[in-house]
Amino acid sequence: MNLLSLEGKTCLITGSSQGIGFQTANLFVQHGAKVFISSRDENSLNLALEKIKSNYPKSEIFAIKCDVSIESEVKLLFQTIFKTYKSSLDVLVANAGILESSLIGMVTKEHLNKIFSINTFGYIYCCQYASRLMMRNSMGGSIIGISSIMGLSGYSGYSIYSGSKAAIIGVTKSLSKELATSKIRVNCLSPGYIQTNMTQGLPDKNKEEVMKMIGMGRFGNPQDVANAVLFLASDMSSYITGEVLSIDGGMAK
Ligand code: NDP
């Protein structure tokens, strides 16, 4: 029996038009899942859909536009998933997120609202609707949040982002207790520095500083994270819940 197989499972990955989410969608399809990808920009989302379909022509994959910070859009996303298969959801990867720096003295209310409404409220909305759907399933399900090393140990100039990611850990831990009796596992990942569009624009000075902190001497790539997501989504981790798994190449915390 292949415990890593996602054959027959319906999975949603938010923020999957690029980066970690896109790589995860490819890996899930490769492992037999029915996959819903989702993000805000329709063009890049459709482009991602076409790429995955051309990589895996027999895949069952759908794209639904959704901004996770808008509750009504999240509700519609989950309603559409339910209508498509008339069945439950098995896996949620709540990956959508944004990174912006902010020195504390310069933080505006707009910045605060933007970061928390996408990174934290978006996670909570998705957990709410996913858990309701998963409860229809006697087999339970798996929810995977994407926190960050900054949510665990912080980084100068990123207090708001770090706070939004630390909140994901608290929500994950409590939800894992609340949903365990429904056989819904809730875990999150704490990636270190992963090479995606999110990090490519960071100043070279920051990149050099971060590289010195990484024991394994290389930045991570989206596949490194996707592999860990697959583990938490699959039956390979069937007795693991409430955990925060670091994917950071031994980065100093
Ligand atoms: P990218 O910027 O490459 O991708 C982010 C994805 O999220 C895009 O598909 C984007 O599409 C989508 N997205 C952004 N805002 C929203 C929104 N409001 N609603 C729905 N989708 C949204 O980032 P990464 O792949 O690097 O990051 C993925 C996750 O991993 C994020 O949560 C990030 O915080 C976390 N992370 C990343 C690290 C890294 O080093 N890269 C380290 C630690 C954590 P669109 O803009 O079209 O909506």
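Here the structure is a predicted model, which means the values were calculated and not measured. Order of listing sets the numbers, starting from 1, for every ligand and every atom in it.
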Looking only at distances, please establish whether an N/O atom of ligand 1 is found under 3.5 Å from an N/O atom of [X].
| X | answer |
| --- | --- |
| Gly21 | no |
| Asp67 | yes |
| Lys165 | yes |
| Asn95 | yes |
| Val68 | yes |

Residue Phe121 excluded, over 12 heavy atoms near CZ under 6.0 Å: no
Lys173/Glu243 ion pair, N-O < 4.0 Å: no
Ring pair (Phe, Tyr, Trp, His ring centres under 6.0 Å): pairs with one or both residues in residues 233-253, sequence neighbours excluded: none
Heavy-atom proximity to atom 36 (N) of ligand 1, best of Tyr123, Tyr193, Tyr161: Tyr161
Minimum non-hydrogen distance to atom 42 (C) of ligand 1, winning option of Ser148, Ser38, Gly15, Gly192: Gly192
Any side-chain donor near an acceptor of the partner, Asn221 and Gln195, under 3.5 Å: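 No pair is found: no donor N or O on one side chain lies under 3.5 Å from an acceptor on the other.
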Distance-only polar pair, side chains of Asp41 and Ser44, donor-acceptor under 3.5 Å: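 Yes.
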Ligand-residue contact atoms, ligand 1 with Ile98, heavy atoms, under 4.0 Å: 14 (C), 15 (N)
Protein heavy atom at shortest distance from atom 14 (C) of ligand 1: Arg40 NH2, 3.4 Å
